[in-house]
Structures are given as C-alpha cells and as structure tokens.
Colleague: 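This structure is in structure tokens; I'll ask about it shortly.
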Protein chains: 2
Amino acid sequence: MRIQTLAARAGVAPSTVRYYEQIGLLPPPRREPNGYRVYEEEDLERLRFVVRARALDFTLDEIREILALRERGEPPCDYVRDRIVSRLEAIETRIAELRRLQQELVRLHRLGAQAPEAGSSQGETACICRIIEPPGTGAAAVVARPDRLPSRAEAPR
Amino acid sequence: MRIQTLAARAGVAPSTVRYYEQIGLLPPPRREPNGYRVYEEEDLERLRFVVRARALDFTLDEIREILALRERGEPPCDYVRDRIVSRLEAIETRIAELRRLQQELVRLHRLGAQAPEAGSSQGETACICRIIEPPGTGAAAVVARPDRLPSRAEAPR
DNA sequence: TATAGACCTTCAAGTAGCTTGAATGTCAAG
DNA sequence: CTTGACATTCAAGCTACTTGAAGGTCTATA
C-alpha cells in the first residue's frame with residue numbers, strides 16, 4: 001500500500017505520515033523502484049496506535065517514549081498511567097479556565113448589547129472594546145492602582 | 001520607566017514586551033542615551049489592554065485590528081462583538097472535546113488500575129498502553145477490519 | 001504522441017505566541 | 001576593579017504539523 005492509502009486508513013494526511021517518519025515515530029518503509037514508500041499492515045497498526053494516542057492528547061514525545069518501551073519489551077504501564085493522571089489534571093485546569101473565560105465573555109457581550117447608546121464624550125456610543133478595558137479606567141485610574149497585576153488566565157497551548 | 005518595570009506592572013516578561021513591539025502591537029518607545037527603552041504610563045495602558053484582550057483569548061492579529069480601529073477613531077464594537085461570539089462558540093466546542101477526552105482517560109485509567117494481575121509472561125501485568133490499542137487487537141484483528149477508521153470519539157469496549 | 005491529472009518525491013519555510021540563548025553593553029555598589 | 005543586575009540585538013527553538021516549490025512517475029485518453 002502506498003502512502004495515501006495508509007494515511008487514509010489511519011485518518012491522517014500523507015504529509016503527517018512523512019512527518020512522523022522524519023521525527024522517528026514511524027520506521028522508514030521500504031521503497032518501490034521509483035522511490036515511492038510502500039507500507040504493510042504492520043505499519044498501519046503502528047500508525048493507528050500513534051493516532052489513537054494523539055487523540056488521547058499524548059504528545060509526540062510521550063508517544064515516542066511509549067513506543068520505545070514497548071519495543072524493548074518493557075511494559076509502559078506505569079509511564080502511561082502517570083501520563084494519564086497528569087493529562088487529567090491538565091484537562092481539569094483547562095476546563096475551569098475556559099469556564100471562567102466563557103462567563104467573562106458572556107458578561108462582556110451582554111454589556112455591549114445592553115448599553116448601545118449611553119452618552120459618551122465622543123460621538124461614539126457604548127463600545128465593547130471599552131469593556132475590554134478594566135472597570136473605571138480613565139488614564140488616572142491606571143495610575144491609581146499600580147499594584148494590580150492582571151492574572152494570566154491563559155494556558156500553554 | 002524601563003522595560004522590566006513596565007513588564008512587571010502589566011504582568012508579562014520583558015521579552016514579551018519586545019516581541020509585541022517587534023510585531024507592531026506596541027509603538028517603538030523612545031530610548032535613553034544608552035539605548036534602553038523608556039516607557040510612559042500611556043504605554044502601560046496600551047500594554048495592559050493587550051494583556052487583557054489576550055486573557056480573553058483574542059489572537060494578536062485580532063488585537064492589532066482592534067487597536068488599529070481605535071486609533072482611526074472608528075469604534076471596534078461590531079468587530080469585537082463578532083469576535084466574542086465566535087470565541088464563545090469555540091470555547092463551547094473545546095470544552096465538549098475536553099469532556100469527552102476526560103471520560104475516555106478516566107475509563108482507561110480505571111481499566112489499567114482494575115486488572116493489575118492477569119497472568120503475563122513478564123513480571124508486569126495488565127498494561128495500560130495495551131488499552132490504547134483498539135479492543136481485541138491482535139495482529140489478526142487489524143487485518144480483519146480494514147475499513148475501520150478510528151474516530152476521535154471512539155469508545156472501545 | 002502528446003498531454004492531462006493524479007499520484008509520488010525532497011527540502012524549506014510558515015503557523016502562534018512567545019521563550020531561550022549567545023554575545024555584548026551599561027551602570028551602581030562594594 | 002569586579003560583581004551583578006539590568007539592558008541591547010539577532011537567531012533559533014518550541015508543538016505538530018501544513019504548505020509550497022520544483023520536480024519525477026504512471027496511467028488514460030485525444
């Protein structure tokens with residue numbers, strides 16, 4: 001089977017397969033005389049393993065590690081267990097962050113929809129992006145609260 | 001104030017400030033005779049705006065757009081409103097994905113913890129990473145179901 | 001026979017949002 | 001006069017790929 005077939009059967013793009021080979025997740029396959037890659041069912045199995053692990057949000061490094069353990073006959077159970085636990089913790093955190101963000105955005109959106117014509121010193125009406133600014137921000141207010149550090153609600157993506 | 005002070009007051013790293021300047025989110029500040037950047041309260045305001053927008057998960061491109069609109073005196077309300085709505089949709093989706101992933105991982109973890117002593121040829125017993133493999137995977141099983149594409153939502157049982 | 005098109009190849013660079021590192025300069029305190 | 005904390009620039013690294021350029025291969029059809 002050639003790369004497109006393999007990729008389709010695993011549900012990824014051919015470029016992804018070449019990439020996985022390049023970084024050593026998949027072994028270099030044998031080639032047809034014209035240079036085309038040829039894959040066996042075995043390769044499909046391995047690729048599918050990678051794809052499933054990715055769907056579980058394992059990093060490529062983690063997957064590489066798991067595959068290496070398997071190859072050496074060592075059961076990666078403990079390692080995988082650890083990874084699962086830390087993934088779960090990360091997910092918990094991330095969901096909480098997204099919830100907070102969600103609430104904040106809903107609040108902003110309501111505010112923006114609700115006060116579309118409060119008089120402003122400029123011709124402009126109530127502006128959502130003004131709401132991005134902290135409550136009560138005049139130039140003065142910023143100076144007045146020099147201690148306030150906006151917390152970093154973001155997570156590494 | 002110098003870069004470290006500015007950065008600290010906005011809650012980011014100095015390198016981030018230089019980066020924002022580099023990509024045009026912050027204007028190049030004036031310099032001390034020795035070349036050090038000098039910032040005013042105004043710059044802090046702008047940086048804080050960026051930081052808050054980032055915390056709301058706006059991309060740097062979106063923020064650049066919003067700032068540009070503001071500068072031209074056009075109210076970015078409509079634009080921001082749109083962005084907020086699409087952010088909310090994305091968040092909804094993302095949370096659902098994470099929930100699915102969470103369930104899947106919890107299930108795997110239980111499975112791994114539950115069957116820790118089925119007889120194995122090695123000292124090690126039931127292996128979590130075997131669970132990453134699809135249900136009933138022996139080399140033969142894979143061949144037997146050549147049509148099956150593992151979907152992200154798959155719940156092997 | 002020519003040519004279209006659907007594949008395949010490699011290598012390089014681009015994506016987001018920064019961080020890190022190397023190599024160097026500035027400046028106050030001990 | 002040295003140490004240490006700050007500052008500078010430029011380049012590369014991070015994740016997990018995708019995209020693009022420039023080309024080779026093979027089959028089918030006009």
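Letters A, B, ... mirror the listed sequences (proteins, then strands); counts begin at 1.
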Colleague: So, are B:Arg9 and B:Glu41 salt-bridged, with charged N and O less than 4.0 Å apart?
Modeller: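 A salt bridge links B:Arg9 with B:Glu41.
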
Colleague: Measure from the side-chain heavy atoms of B:Arg18 and tell me the nearest of C:dT19, D:dC17, D:dT8.
Modeller: D:dT8

Colleague: Roughly, in whole Å, what's the span from CG in B:Asp61 to C1' in C:dG17?
Modeller: 11 Å

Colleague: Specify the closest pair of heavy atoms between B:Ala7 and B:Ala13, including all atoms of both residues, with the distance to one decimal.
Modeller: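 Taking B:Ala7 first and B:Ala13 second, the nearest heavy atoms are CB-C, 3.8 Å.
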
Colleague: Within the structure, does a side-chain N or O atom of B:Arg2 lie under 4.0 Å from either OP1 or OP2 of C:dT26?
Modeller: no

Colleague: Measure CD/A:Gln22 against P/D:dT18 and give the value in whole Å, please.
Modeller: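 Taking atom P of D:dT18 as the reference, CD of A:Gln22 is at 13 Å.
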
Colleague: Would you indicate what B:Glu32 reaches in the nucleic acid, counting non-hydrogen atoms under 4.0 angstrom: base, sugar-phosphate, or nothing?
Modeller: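 If one applies the 4.0 Å heavy-atom cut-off, B:Glu32 turns out to touch nothing in the nucleic acid.
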
Colleague: Would you mind classifying the nucleic acid contact of B:Ser15 as base, sugar-phosphate or nothing, using non-hydrogen atoms under 4.0 angstrom?
Modeller: base

Colleague: Quick one: the side chain of A:Tyr36 and the base of D:dG24, do they pair up donor-acceptor inside 3.5 Å?
Modeller: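 A donor-acceptor contact between them is present.
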
Colleague: Shortest non-hydrogen contact from B:Arg54 to B:Leu60?
Modeller: CD-CD2, 3.4 Å

Colleague: Would you call B:Arg46-B:Asp43 a salt bridge at under 4.0 Å N-O?
Modeller: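 B:Asp43 and B:Arg46: not salt-bridged.
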
Colleague: Can you check whether A:Gln4 has a side-chain N or O nearer than 4.0 Å to OP1 or OP2 of C:dA6?
Modeller: no

Colleague: Which residue lies toward the 5' end of DNA chain C, B:Pro33 or A:Tyr39, if each is placed at its nearest nucleotide?
Modeller: A:Tyr39

Colleague: Once you round it to whole Å, what is the distance between P of D:dG13 and CD1 of A:Ile23?
Modeller: 16 Å

Colleague: Phosphate oxygens OP1/OP2 of D:dG24: is one of them under 4.0 Å from a side-chain N or O of A:Asn34?
Modeller: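 No, no such contact exists.
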
Colleague: What I want to check is whether the side chains of A:Gln102 and A:Arg99 have a donor and an acceptor closer together than 3.5 Å.
Modeller: yes

Colleague: What contact category does B:Arg37 fall into here, base, sugar-phosphate, or nothing, at under 4.0 angstrom with non-hydrogen atoms?
Modeller: sugar-phosphate

Colleague: Do A:Arg83 side-chain atoms and A:Ile66 backbone N/O form a donor-acceptor pair below 3.5 Å?
Modeller: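 Not a single qualifying donor-acceptor pair exists.
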
Colleague: Atom OH of A:Tyr19 and atom P of D:dC14: how far apart are they, to the nearest Å?
Modeller: 10 Å

Colleague: Output the single nucleotide from D:dT9, D:dA16, C:dG17 whose closest atom is nearest the side chain of B:Arg54.
Modeller: C:dG17

Colleague: Starting at CD of B:Glu65 and ending at P of C:dA16, how long is that distance when rounded to a whole Å?
Modeller: 14 Å

Colleague: More 5' along DNA chain D: A:Leu60 or B:Ile3, using each one's nearest nucleotide?
Modeller: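 Final value for this comparison: B:Ile3.
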
Colleague: Tell me whether the side-chain N/O atoms of B:Thr16 come closer than 4.0 Å to OP1 or OP2 in C:dT19.
Modeller: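 For C:dT19, OP1 or OP2 has a side-chain N or O of B:Thr16 closer than 4.0 Å.
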
Colleague: Give a yes/no answer on whether the side chain of B:Tyr20 brings an N or O atom under 4.0 Å of OP1 or OP2 in C:dG17.
Modeller: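 No, because none of the side-chain N or O atoms of B:Tyr20 sits under 4.0 Å from OP1 or OP2 of C:dG17.
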
Colleague: Without decimals, in angstroms, what is the distance between B:Phe58 CZ and C:dA16 P?
Modeller: 17 Å

Colleague: Would you mind reading off the distance between B:Leu47 atom CG and C:dG17 atom P, rounded to a whole angstrom?
Modeller: 15 Å

Colleague: Rounded to the nearest angstrom, tell me the gap between atom CG in B:Leu26 and atom P in C:dG17.
Modeller: 14 Å

